[in-house]
Every structure is written in C-alpha cells, then in structure tokens.
Amino acid sequence: MNILVLNCGSSSLKYQLINMDDEKVLAKGLCERIGINGSLLTHQKIGEEKFTIKQPMPTHNEAVKLVFDVLVDKDHGVIKSSDEIDAIGHRVLHGGTKFTESIVVDEKVKETIKECFDLGPLHNPANLMGIVACEKNVPGKKNVAVFDTTFGMGMEEKAFLYAIPYEYYEKYGIRRYGFHGTSHKYVSGEAIKFSKLDPKNAKVIVCHLGNGASISASIGGRCVDTSMGLTPLEGLIMGTRSGDIDPSIIQYICNKENKSVDEVLNILNKKSGILGLSNGLSSDFRDIENAMNEGNHRAKVAMDAYIHVIVKYIGGYIAIMNGVDAICFTAGVGENDKYTRKVICDNFTYIGLKLDDKLNDIRGEFREISASDSKVKVLLLPTNEELAIARETLRLM
Ligand code: AMP
C-alpha cells in the first residue's frame, strides 16, 4: 500500500511516496519556484543520488504532473504506474472551526477549505491547488486533507477562547487554533508509545522548536493548550516572528512610523523574533549561537529571551496539567541543539527532572536524554509530519 504525501506552499511542493507496509519512504522531492522563472524539481529515489529537473511550472498543476511523471520514470522512478499509488494525503494549514479531524476530500470539503482562505491566506490556496491538481492528473484517487489545526481542536473553551467580545468567536471563528498540530500529535503519540506511558492519562509537553516554533501540552493525546493562536504569530519567540507581544504595540508603531497595520504585521512576522532581537544579525539559531559564543551581547540576549519564553510556557503547562510525564524536543533546534535543551531542562530540576549530559550530546536521533532517576522523561524525538499525514490517510481509507 503506497501513499503519496503532498505539502504545497505558495511557490513550492514537497512530496514523499511512502510504502505503508513498512512505513519506509520510497522517494521524496521538492518542486521550487512554482509560478516563478527558474522552476525546478529535486527528486530522490531513496538510496540513490538526488537529481534535478529544470522545467517551467507555471502552476501547481504542472508541478503535480511532473511529480507523477518522475515517480514512474524508468530511471529515477519507484513505481510502474500511478495505479501503484493507493491514496494521496495533503497537508492543509487551516481547517477553521469546521474540521476537527482529517477528512476525505469531496466537493463540500474543498468549498470549506476555500472558506478558510481568510484564516490561512498564504497556505490554504496553495493546499487546495495541490488537491485540485491531483484530482485532475490522477482522477479517481482518494485525496485526504490533514489539517495543521485539528490537534488544537481538542482544547476546551477556557484554553481556546480569547478574552475579547464573544461575538467575534461566533461571527468569525476568532479563537486559538494552534499549528504544527500534525507534529505535536505525532511526537506526543510516539513519546507515549516509546516511554510506555498510560495512553489515556499521560501528560506530555512537546517543544517543536524550528524556525517557526510552538509548544503543546496534552493529556492522553488530547491537546489541552498550545502556544500558537489564530495564526502562527502567537506564542514563542521564533526565527523571524515576535511571538507574544502586547497588542497595543501595533498601534503604537503604526503611529510613530506612519505605517499601516499590514506593514507592522509583516514586521512582526518577518523581521522580529531572534532576527529582530539580535538587531538584524540572523534568523538562524546557529548564527545566533556562534555570535553569542564570540561575545556578541545582542545575540546572547536573543538566545536568553528565546529560552526564557520557552521555560515560561513549559512551567505554565506543567501547572495547568498538575504535572508532566514527558517533555519532548523536536524540529530544527529541538533536534540539533544540545545547548538549548540543556538550558531549558536546567530550569526544571525542582520537579526532579534530570538531564543526562552525555545522552543529550546528540543530534537528530530518537532517544531518551533524561537520567535514569529523572522523575520526568525527556526525549529527543525527530518529528515526521509526512509519516503522520500518511498514517492519517491510511486510517481514512
Ligand atoms: P526547521 O524549521 O525545523 O527546519 O528548523 C530550522 C532551524 O533549526 C534553523 O533556525 C536552524 O538554525 C536551526 N538549527 C538546525 N541545526 C541547528 C543546530 N545544530 N544548532 C542550533 N540550531 C540549529
């Protein structure tokens, strides 16, 4: 049983073909610069070298067609025909209040994804284009939409409602949704299995620390709180996003700098976070850490502030759950940066959490990094959103 997973961005398309009998990836790749001059596809049959095709891809339709062509190519392909693809799983960013679960796509589902364009203006249109392109290029296949927001739909009202007039929730669906949901669900689920925690009651915190970053708390796999909100701007300090700020700052900057709200939001999304805090040095955590180690004060403050907010969230989540069984680190920084993991964990010795420095000295490998007598398990657990989407697709077949 082979499942194709597609993740369409506004000018890109990532794909993986996964054999679900053993959950092994057969081939993967990336189409870039869709709709822009210089479109190219990088494809890799697993176990072989990557290769690149430069070919115009004016829309996602040509990109999807090229992906199907390359998957059946006699030299670089891994299947004989598209008949060997049993279903297609699509990452869809925003499901609004309408979708609380992944779903098999039909006309009504496509309409509803369209209704959520306002909530995910950069991603949802591209996600829908990917679905439509698959329907056109390989008609008759089951397409499944897996939303980034459905994990957050498990929250109770006290966690997902903002303290603004209730009518805005009723009229416009303004609430906390949370993002990276597929990752949070996958990582918390794997943590429960790996650490043999009680699947109904395990209290798990997942720190998804990449360029975009979010954190979630779940009990028995059900999300009780998560840091991102109506959009991915809320919560932790990120590569270029501010995370939590006093909302009045927006009006204040608008007035002082004669800017529109849209311009300021663009600054909060693209020029803030550690990039802003480091006075424009970099949005890449490696650069910030290197500069910090060379004595750059702004880089040190950026790193300290980043960790400070993560610690505040973890502490808050432990409090609302009245405990925690496992804390998991995932995504670019979480998987690769032992310094960040160490400094965060050193703030939780008061609850009996003990990191094993030797075990923590590792990158990108699934392993428990807490000491054997730690009261809380700490796991380095690489996320795998593609596999999670493929599993959801399989479940709905
Ligand atoms: P992601 O969005 O999950 O791809 O994560 C990208 C982020 O991970 C970038 O900001 C990188 O700087 C960061 N990253 C990757 N490797 C390391 C590392 N060894 N130390 C610190 N940050 C890293």
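Here, residue 1 is the first one in the sequence, and each next residue gets the next number. If you're wondering where the values come from, they're calculated on a predicted model, not measured in any experiment.
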Exercise for the section: May I ask whether Tyr15 and Ile34 are part of the same hydrophobic cluster, defined by side-chain heavy atoms of I, L, V, M, F, W, Y residues being less than 4.5 angstrom apart, directly or through others? Expected result: yes
Exercise for the section: Give, for atom CD of Gln44 and atom CD of Glu48, the distance between the pair rounded to the nearest 0.5 Å. Expected result: 9.0 Å
Practice task
Mind checking the CG-NZ spacing from Asn19 to Lys24? Nearest 0.5 Å is all I need.
Solution key: 9.0 Å
Practice task
Over all heavy atoms of both residues, which pair between Leu359 and Ile369 is shortest? Give the atoms and the distance, please.
Solution key: O-CG2, 3.4 Å
Practice task
Output yes when a side-chain donor or acceptor of Asn7 lies under 3.5 Å from a complementary backbone atom of Lys14, and no otherwise.
Solution key: no
Practice task
Using modelled atom types only, decide if a donor and an acceptor are shared between the side chain of Ser278 and the backbone of Leu275 within a distance under 3.5 Å.
Solution key: yes
Practice task
Would you confirm whether the ring centroid of Phe285 sits within less than 6.0 angstrom of the ring centroid of Tyr306?
Solution key: yes
Problem - More than 12 heavy atoms of other groups within 6.0 Å of Glu167 CD - result: yes
Practice task
Grab the two heavy atoms, one from Gly96 and one from Thr149, that are nearest each other, plus how far apart they are.
Solution key: N-OG1, 4.3 Å
Handout entry: Check against side chain to side chain donor-acceptor pair (under 3.5 Å), Ser216 and Thr226
Key = CA-CA 4 Å; Ser216 70; Thr226 187; 5.1 Å; no
Problem - Over 12 foreign heavy atoms within 6.0 Å of NZ, Lys110 - result: yes
Problem - From CG (Asn293) to NZ (Lys300), nearest 0.5 Å - result: 9.5 Å
Completion exercise
Per ring-ring contact (aromatic ring centres under 6.0 Å, His included), Phe366 is matched among Phe194, Phe329, Tyr186 by Phe194
Exercise for the section: Examine Val343 and Val376 and state if one hydrophobic cluster contains both, with Ile, Leu, Val, Met, Phe, Trp and Tyr joined whenever side-chain heavy atoms are less than 4.5 Å apart. Expected result: yes
Problem - Leu230 backbone acceptor or donor facing Tyr162 side chain under 3.5 Å - result: yes
Exercise for the section: Check the pair Asp75, Phe51 against side chain to side chain contact (heavy atoms under 4.5 Å, CB included), reporting the backbone distance first and the verdict last. Expected result: CA-CA 11 Å; Asp75 295 324; Phe51 92 111; over 6 Å; no
Handout entry: Over 12 foreign heavy atoms within 6.0 Å of OH, Tyr166
Key = yes
Problem - Asn322, CG atom: more than 12 neighbouring heavy atoms under 6.0 Å - result: no
Problem - Side chain Ser227, main chain Gly235, donor-acceptor under 3.5 Å - result: no
Handout entry: Taking every non-hydrogen atom, the tightest pair across Pro56 and Glu62
Key = O-CB, 4.4 Å
Exercise for the section: For the pair Arg341 (side chain) and Asn360 (backbone), establish whether a donor and an acceptor sit closer than 3.5 Å, ignoring hydrogens and angles. Expected result: yes
Practice task
Give a yes or no on whether the backbone of Leu197 and the side-chain of Ser195 come within a donor-acceptor separation of less than 3.5 Å.
Solution key: no
Problem - Leu6 side chain reached by Ile88 side chain, heavy atoms, under 4.5 Å - result: yes
Exercise for the section: Take Thr112 and Glu115, measure what side chain to side chain donor-acceptor pair (under 3.5 Å) needs, and give me the verdict at the end. Expected result: CA-CA 5 Å; Thr112 314; Glu115 285 165 23; 4.8 Å; no
Handout entry: More than 12 heavy atoms from other groups under 6.0 Å of NZ on Lys338
Key = no
Handout entry: Distance, nearest 0.5 Å, that separates CD1 of Ile18 from CG of Leu26
Key = 8.5 Å
Practice task
Would you kindly confirm whether Ile164 and Tyr172 end up in one hydrophobic cluster when ILVMFWY residues are joined by side chain heavy atoms under 4.5 Å apart?
Solution key: yes
Exercise for the section: Decide yes or no for Glu23 and Arg391: does some side-chain heavy atom of the first lie under 4.5 Å from some side-chain heavy atom of the second? Expected result: yes
Exercise for the section: Kindly say whether Leu265 contributes a backbone atom to a donor-acceptor pair with the side chain of Asn269 at under 3.5 angstrom? Expected result: yes
Practice task
Take atom NZ of Lys45 as the centre, draw a 6.0 Å sphere, and report whether it contains more than 12 heavy atoms from other residues, nucleotides or ligands.
Solution key: yes
Practice task
Report, as yes or no, whether the 6.0 Å neighbourhood of atom CG on Asn37 holds more than 12 heavy atoms from other residues, nucleotides or ligands.
Solution key: no
Practice task
May I ask you to decide whether Glu234 forms a salt bridge with Arg176, counting only side-chain N to carboxylate O separations under 4.0 Å?
Solution key: yes
Exercise for the section: Answer with yes or no after comparing the ring centroid distance for His76 and His43 against a 6.0 Å cut-off, counting only values under it. Expected result: no
Problem - Where Glu263 and Asn258 come nearest, the two heavy atoms and their spacing - result: OE1-O, 4.5 Å
Problem - Non-hydrogen side-chain atoms of Ser10 and Leu122 separated by less than 4.5 Å - result: no
Exercise for the section: Report whether Leu353 and Ile320 are members of the same hydrophobic cluster (ILVMFWY, side-chain heavy atoms less than 4.5 Å apart, transitive linking). Expected result: yes
Practice task
Could you tell me whether the side chain of Leu281 reaches within less than 4.5 Å of the side chain of Asp287, counting heavy atoms only?
Solution key: no
Exercise for the section: Examine distances only and state if a side-chain atom of Ser374 and a backbone atom of Ser370 form a donor-acceptor pair shorter than 3.5 Å. Expected result: no
Practice task
Might you point out which heavy atoms bring Ile237 and Val309 nearest each other, and give the distance in Å?
Solution key: CD1-CG2, 3.8 Å
Exercise for the section: Find out if a path of hydrophobic residues (ILVMFWY) with successive side-chain heavy-atom gaps under 4.5 Å connects Ile215 to Met155. Expected result: no
Practice task
Please assess Ser214 against His180 for the test side chain to side chain donor-acceptor pair (under 3.5 Å), listing each intermediate value before the final yes or no.
Solution key: CA-CA 7 Å; Ser214 65; His180 299 135; 2.7 Å; yes
Handout entry: Verdict with reasoning, Arg363 to Leu380, per side chain to side chain contact (heavy atoms under 4.5 Å, CB included)
Key = CA-CA 8 Å; Arg363 293 179 54 182; Leu380 193 172; over 6 Å; no
Practice task
Find the distance between NE2 (His184) and CG (Asp148) and round it off to the nearest 0.5 Å.
Solution key: 9.0 Å
Practice task
Answer yes or no: is there a donor N or O on one side and an acceptor on the other, between the side chain of Thr330 and the main chain of Leu381, under 3.5 Å?
Solution key: yes
Exercise for the section: Answer whether the closest heavy-atom distance between the side chains of Val311 and Phe348 falls below 4.5 Å. Expected result: yes
Practice task
Could you tell me whether Lys377 and Glu368 have a side-chain N and a carboxylate O separated by less than 4.0 Å?
Solution key: yes
Exercise for the section: Check whether any side-chain heavy atom of Glu289 sits under 4.5 Å from a side-chain heavy atom of Arg286, and report yes or no. Expected result: no
Handout entry: Taking every non-hydrogen atom, the tightest pair across Val92 and Ala145
Key = CG2-CB, 3.8 Å
Handout entry: Audit row: Thr59, Met129, side chain to side chain contact (heavy atoms under 4.5 Å, CB included) steps and yes/no
Key = CA-CA 9 Å; Thr59 70; Met129 280 193 267; 5.6 Å; no
Handout entry: Ring centers of His94, Phe117 separated by less than 6.0 Å
Key = no
Handout entry: Neighbour count >12 (heavy atoms, 6.0 Å) for atom CD, Glu156
Key = no
Problem - Residues Glu392, Arg395: salt bridge by 4.0 Å N-O rule - result: yes
Practice task
Without swapping roles, check the side chain of Glu335 against the backbone of Thr383 for a donor-acceptor pair under 3.5 Å.
Solution key: yes
Handout entry: Rounded distance [0.5 Å steps], CG in Asp21 versus CG in Leu394
Key = 9.0 Å
Residues 246-254, side-chain donor-acceptor partners within the protein, below 3.5 Å, at least two apart:
unit_1: Asp246; atom_1: OD1; unit_2: Ser248; atom_2: N; d: 2.9
unit_1: Asp246; atom_1: OD1; unit_2: Ser248; atom_2: OG; d: 3.3

Exercise for the section: Cation-pi check, Arg175 to Phe160: give yes when NZ or CZ is under 6.0 Å from the six-membered ring centre and within 45° of the ring axis, no otherwise. Expected result: yes
